[in-house]
Amino acid sequence: MNPPLFPEYLLWGWFALTALSAAYVAWDLFTSTPEMKVMKWGWVLVTLYTGPVGLLVYWFSCREPSPGTHEQFVAPLWKQAVGSTIHCAAGDATGIIVAAAITGYFGLRMGVDIWLEYAAGFAFGLFIFQALFMKDMMGMSYGEALRSSFLPEWMSMNAMMAGMLPTMVILMSRDMRAMEATSPWFWAAMSAATLVGVVVSYPVNYWLVKNRLKHGMGTERALGKGGAPQEAVAAPAHAGHGLAAMPHMAGMSHGLPVAAPMPAHAGHRMAAAPQEMPGMDMSSGTPVSGLRKAVVTVLTLLMLAVGYWLAARYGDLSMRPGAPMTDMPGMAMPGHRM
């Protein structure tokens, strides 16, 4: 019988650090950093899943270093791609984790479980985090936003699941306690799976943002707290308070007019306009050909196939919660008969 990967007290230590990390990210976002509302919740959710690692990523890619500098700080393409990946993970990973908890409760076989999780992750990401939360920013109806988001979200989901699927299955095969949401090992496995999923899906999101198929990081100063254009949801800036200039806020305009910059008054600092971000304005530039989209879509499906192969090769897709797992070398499970 193999022992757990590490003592359980270390697991609870990780959970404590995760709670502190998520609390700090939430506090900073809702008091200081002017990120869009949907991204605020996205960062909080992903930090809950990834703990101190999520905090570090947030610190170096999104946290406003000083007042009025967020637009310029998040302008580089790699940070825009981080924002897209976090948005993807917040929707997809949440759907996967919720589905895993439900299927574990009903004792479904892992081979069935993973595809229900895939469907739930894609549905939650597309119908809620993409179409519902982003339709105002995209200037579309809900139906139009669904159609526009379907392919980019599917690509992102394939890449996310390509990382999460084998991680979940292999860890749960080693210790079947991780299949039940009432066990701390379940949350440890989901944390590890989300981390791997974020890493695997980042290159795909980078390509999507670079080619104007997905949005990146933004700011509520230009797009409003709910993602709508500032002029549609707020009155002009109060005298003495500058509005951030956003002529090149790549990945966040979606073809909508952005509020004109307000002149700065004496004694009040305006946010510097961000650097040029080629390939980030979703309303302009050369459209991506159907062939290129098809090629990248196939590549994400191949990634998913590799993830499934790894899960089948090094895990047990026939296992179910509470049932003895078939004999696999090196896969003995604490507390279960082999």
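FYI, the numbering just counts along the sequence from 1.
Side chain of T69 to main chain of S66: a donor-acceptor pair is present (N/O by atom type, distance under 3.5 Å, no hydrogens or angles). Between the D175 side chain and the R177 main chain, a donor and an acceptor come within less than 3.5 Å of each other. With hydrogens and angles disregarded, a donor-acceptor distance shorter than 3.5 Å links the side chain of K79 to the backbone of F73. At distances below 3.5 Å, at least one donor-acceptor pair connects side-chain atoms of H87 with backbone N or O atoms of F129. In this structure, D28 contributes its side chain and Y24 its backbone to no donor-acceptor pair below 3.5 Å. At distances below 3.5 Å, at least one donor-acceptor pair connects side-chain atoms of W187 with backbone N or O atoms of A181. Of the possible polar contacts, one joining the E64 side chain to the H70 backbone as a donor-acceptor pair under 3.5 Å is found. Side-chain N or O atoms of E144 include one that pairs as donor or acceptor with a backbone N or O of S141 at under 3.5 Å. In terms of modelled atom types and a separation under 3.5 Å, the side chain of E180 and the main chain of G104 share no donor-acceptor contact. The main-chain N or O of L29 is never found under 3.5 Å from a side-chain atom of S32 such that the two would form a donor-acceptor pair.
The environment of CH2 in W14 is crowded: more than 12 heavy-atom neighbours from other residues, nucleotides or ligands sit within 6.0 Å. Under a cut-off of 6.0 angstrom, the local environment of CZ in F106 is sparse, with at most 12 non-hydrogen atoms contributed by other residues, nucleotides or ligands.
Rounding to the nearest 0.5 angstrom, the gap separating the CG atom in L304 from the CE atom in M164 is 12.5 Å. Taking CE of M319 as the reference point, atom CG of D113 lies at 8.5 Å (rounded to 0.5 Å). A distance of 5.5 Å separates OG1 of T50 from CG of L195, quoted to the nearest 0.5 Å. A distance of 7.5 Å separates CG of L77 from CD of Q80, quoted to the nearest 0.5 Å. To the nearest 0.5 Å, the span separating OG1 on T300 from CE on M155 amounts to 6.5 Å. For the atom pair E153 CD and Q130 CD, the distance stands at 5.0 Å (nearest 0.5 Å).
Within the 6.0 Å centre-distance limit, the rings of W12 and F15 are counted as a close aromatic pair. Residues Y202 and W78 keep their aromatic ring centres 6.0 Å or farther apart.
V295 is not connected to F150 by any chain of hydrophobic side-chain contacts under 4.5 Å among Ile, Leu, Val, Met, Phe, Trp and Tyr, and they are in different clusters. Both V288 and V204 are assigned to one and the same hydrophobic cluster, defined by single-linkage of ILVMFWY side chains at heavy-atom distances under 4.5 Å. The cluster map of Ile, Leu, Val, Met, Phe, Trp and Tyr, joined by side-chain heavy atoms under 4.5 Å apart, puts V112 and V98 in the same cluster. Criterion: ILVMFWY side-chain heavy atoms under 4.5 Å apart, direct or through other members. Under it, V209 and V199 are not part of a common hydrophobic cluster. Under the 4.5 Å side-chain heavy-atom criterion for ILVMFWY residues, no single connected hydrophobic cluster contains both L116 and F122.
Taking each heavy atom of L48 and A22 in turn, the nearest pair found is CD2-CB, 3.6 Å. A pairwise comparison of heavy atoms in A131 and L146 identifies CB-CD2, 3.5 Å as the closest pair. In plain terms, the two heavy atoms of G121 and D92 that are nearest each other are O-OD1, 3.2 Å. Residues L108 and P321 approach most closely at O-CD, 3.6 Å, considering heavy atoms. In terms of heavy atoms, M161 sits closest to I114 at CE-O, 3.2 Å. Residues L208 and S156 share a closest heavy-atom pair of CD1-OG, 3.4 Å.
A donor atom on one side chain and an acceptor atom on the other are not found under 3.5 Å apart for Y49 and T18. D316 and S173 are not linked by any side-chain donor-acceptor pair at a separation below 3.5 angstrom, with hydrogens and angles left out of the test. With hydrogens and angles left out, the side-chain atoms of R174 and Y314 include no donor and acceptor closer than 3.5 Å.
Annotation: side chain of W154 is in contact with side chain of T297 (closest heavy-atom distance under 4.5 Å). Put simply, the side chain of L302 reaches to within 4.5 Å of the side chain of V298, judged on heavy atoms. Under the 4.5 Å side-chain criterion, counting only non-hydrogen atoms from C-beta, E117 is in contact with T103. Between R292 and W207, some side-chain heavy-atom pair lies under the 4.5 Å cut-off. Residues R63 and V25 are not in side-chain contact: their nearest non-hydrogen atoms beyond the backbone lie 4.5 Å or more apart. In this structure the side chain of I97 reaches within 4.5 angstrom of the side chain of T194, judged on heavy atoms. Y308 places a side-chain heavy atom less than 4.5 Å from the side chain of W115. The closest side-chain heavy-atom distance from I86 to M217 is not below 4.5 Å.
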For M39 and C62, what are the C-alpha separation, side-chain angles and deciding distance, and is it a side-chain contact (heavy atoms from CB on, under 4.5 Å)?
-> CA-CA 10 Å; M39 287 301 299; C62 182; over 6 Å; no

Verify side-chain contact (heavy atoms from CB on, under 4.5 Å) between S61 and W43, making sure each step is shown before the conclusion.
-> CA-CA 11 Å; S61 67; W43 276 110; 3.5 Å; yes

With side-chain hydrogen bond (donor to acceptor under 3.5 Å, both in side chains) as the test, would you mind laying out the steps for Y58 and T33 before giving the verdict?
-> CA-CA 11 Å; Y58 170 75; T33 297; 3.2 Å; yes

Working for side-chain contact (heavy atoms from CB on, under 4.5 Å), residues I96 and M157 | CA-CA 10 Å; I96 290 170; M157 178 63 202; 3.7 Å; yes

Verdict with supporting geometry, F30 and K40, side-chain contact (heavy atoms from CB on, under 4.5 Å) | CA-CA 7 Å; F30 288 97; K40 290 177 190 284; 3.6 Å; yes

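Evaluation of the ring pair (Phe, Tyr, Trp, His ring centres under 6.0 Å) rule for F60 yields no partner, not counting sequence neighbours.
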